[in-house]
Each structure stands twice: as C-alpha cells, then as structure tokens.
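Below, all heavy atoms of this structure are taken into account, side chains as well, without hydrogens, waters or symmetry copies.
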Amino acid sequence: MTLSAGECPNGHVSYPPHPRCPECGEPQESTHDLSEQTAEVVTWTKSTATPPGVRQPNTLAIVEFDVDGEAVRALGQVTTEDVETGDEVEPVYVEELRDPEVGLKSENPESQEWGGYRWDPV
C-alpha cells in the first residue's frame, strides 16, 4: 500500500490522489510518495467509542505534509496517545489498522486491504 499525493499540471497537490484535481479539474498526472517524509500535527483527537475491531482508545491526527511548497493534509491513526499539535511525525506502515476478523467484512477478510499508515512522533 502506498501513501501518495496526486498532482495536476497546474501544481495543485491533494491527498489522496484523484483522477481529476479537486481544485481545477485537470487530470492528476503525477504522484508524490509521502511515506518517506515527515509531517506536522495540525490537530488530533482520541476516540474512546470505536467501531468493532478498531483499537480503544484510538488516537487520530490530521497532519500536514509540505510537497514542493504545497500543504497537503491527511488523517490517520497515531502510534501513541502521547501526541500534541505541532509535533513532527513520520508515516509508519502497519499490517492491520483494525482486526480483520471483526466487523462487516469478517466473513471474507481477504477481500480487503487491512494495512495502512499510522503517524509516529519523531
């Protein structure tokens, strides 16, 4: 699984990539790999009432990457409960963001990707 942002010919960058730029409608023809970059925590929250199969508590953060001078924001789980606005984080790939044996897809867990990225404070 990749963590990439899309860019259109006009230089607008968005996460996740889209077939067409959300800002101007041009095709997004290139991507930027965010998995090797750091980001800054814009805001965060802790969910204590999570969906089935999702860890409790589940700390989430909106982070902002700088991609060639463009701010690109992404939402994701944080690896720890110890996070503050302004912290620098890096993406860390995990095999299972939630338990594949619990929830709507539990009868056929191989039908879906369960891995993804969490934000880990640097």
Side-chain angles (χ1 to χ4, degrees):
M1 172 173 266
T2 62
L3 181 65
S4 59
E7 183 174 359
C8 76
N10 294 321
H12 304 131
V13 183
S14 66
Y15 173 81
H18 302 278
R20 297 214 166 258
C21 175
E23 192 165 330
C24 69
E26 291 293 321
Q28 286 193 331
E29 298 171 343
S30 62
T31 58
H32 296 273
D33 182 6
L34 302 176
S35 66
E36 299 295 323
Q37 297 186 28
T38 60
E40 182 178 322
V41 175
V42 175
T43 189
W44 63 275
T45 190
K46 187 187 312 181
S47 173
T48 56
T50 62
V54 176
R55 66 187 180 165
Q56 285 183 328
N58 188 25
T59 303
L60 302 164
I62 295 174
V63 302
E64 186 172 273
F65 292 91
D66 181 335
V67 179
D68 297 333
E70 290 281 320
V72 179
R73 291 184 175 185
L75 169 68
Q77 296 177 346
V78 183
T79 60
T80 177
E81 292 181 47
D82 186 25
V83 66
E84 295 294 332
T85 299
D87 284 355
E88 185 178 6
V89 294
E90 62 185 357
V92 176
Y93 183 80
V94 293
E95 291 291 326
E96 292 180 353
L97 291 173
R98 64 184 305 159
D99 183 353
E101 302 299 323
V102 179
L104 295 175
K105 301 272 186 172
S106 63
E107 293 179 16
N108 193 11
E110 62 279 349
S111 70
Q112 185 171 323
E113 282 284 329
W114 299 98
Y117 287 87
R118 286 188 177 138
W119 316 129
D120 190 32
V122 176

Enquirer: Quick one: do Tyr93 and Tyr15 end up in the same hydrophobic cluster if we chain Ile, Leu, Val, Met, Phe, Trp and Tyr together by side-chain heavy atoms under 4.5 Å apart?
Expert: yes
Enquirer: Can you give me the closest heavy-atom contact between Val78 and Arg118, atom names plus distance?
Expert: O-CD, 4.3 Å
Enquirer: Quick one: pull up CG in Leu3 and OH in Tyr117 and give me the separation to the nearest 0.5 Å.
Expert: 6.0 Å
Enquirer: Would you compute the distance between atom CG of Asp66 and atom CD of Gln37 and round it to the nearest 0.5 angstrom?
Expert: 8.0 Å
Enquirer: Return yes when atom CD of Gln56 has more than 12 non-hydrogen atoms of other residues, nucleotides or ligands closer than 6.0 Å, and no otherwise.
Expert: yes
Enquirer: Would you indicate whether the side-chain heavy atoms of Gln77 and Asn58 approach each other to under 4.5 Å?
Expert: yes
Enquirer: For Gln28, which of Pro22, Pro9, Pro16, Pro19 qualifies under side-chain contact (heavy atoms from CB on, under 4.5 Å)?
Expert: Pro22
Enquirer: May I have all residue pairs that pass salt bridge (charged side-chain N to carboxylate O under 4.0 Å, His left out) and include part of residues 23-36, sequence neighbours excluded?
Expert: none
Enquirer: Taking Arg98 for its side chain and Pro52 for its backbone only, find out whether a donor-acceptor pair lies under 3.5 Å.
Expert: yes
Enquirer: Please, which pairs that meet salt bridge (charged side-chain N to carboxylate O under 4.0 Å, His left out) have at least one residue in residues 67-89, sequence neighbours excluded?
Expert: Lys46-Glu81, Glu64-Arg73
Enquirer: Closest heavy-atom contact between Phe65 and Thr38?
Expert: CD2-O, 3.5 Å
Enquirer: Could you walk me through whether Val72 and His32 pass side-chain contact (heavy atoms from CB on, under 4.5 Å), step by step?
Expert: CA-CA 11 Å; Val72 179; His32 296 273; over 6 Å; no
Enquirer: Under 4.5 Å between side-chain heavy atoms, counting indirect links through other Ile/Leu/Val/Met/Phe/Trp/Tyr residues: same cluster for Val41 and Val67 or not?
Expert: yes
Enquirer: May I have the step-by-step check of side-chain contact (heavy atoms from CB on, under 4.5 Å) for Arg55 and Thr50, ending in yes or no?
Expert: CA-CA 7 Å; Arg55 66 187 180 165; Thr50 62; over 6 Å; no
Enquirer: For Ser4 versus Thr31, what's the shortest heavy-atom pair and its separation?
Expert: CB-CB, 4.3 Å
Enquirer: Quick one: are Val89 and Asp120 in side-chain contact, heavy atoms under 4.5 Å?
Expert: no
Enquirer: If you round to the nearest 0.5 Å, how far is CG of Leu60 from CH2 of Trp44?
Expert: 10.5 Å
Enquirer: Do Thr80 and Thr59 have side chains that get closer than 4.5 Å, going by heavy atoms?
Expert: no
Enquirer: Please check: side-chain N/O of Trp119 versus main-chain N/O of Ala61, any donor-acceptor pairing under 3.5 Å?
Expert: yes
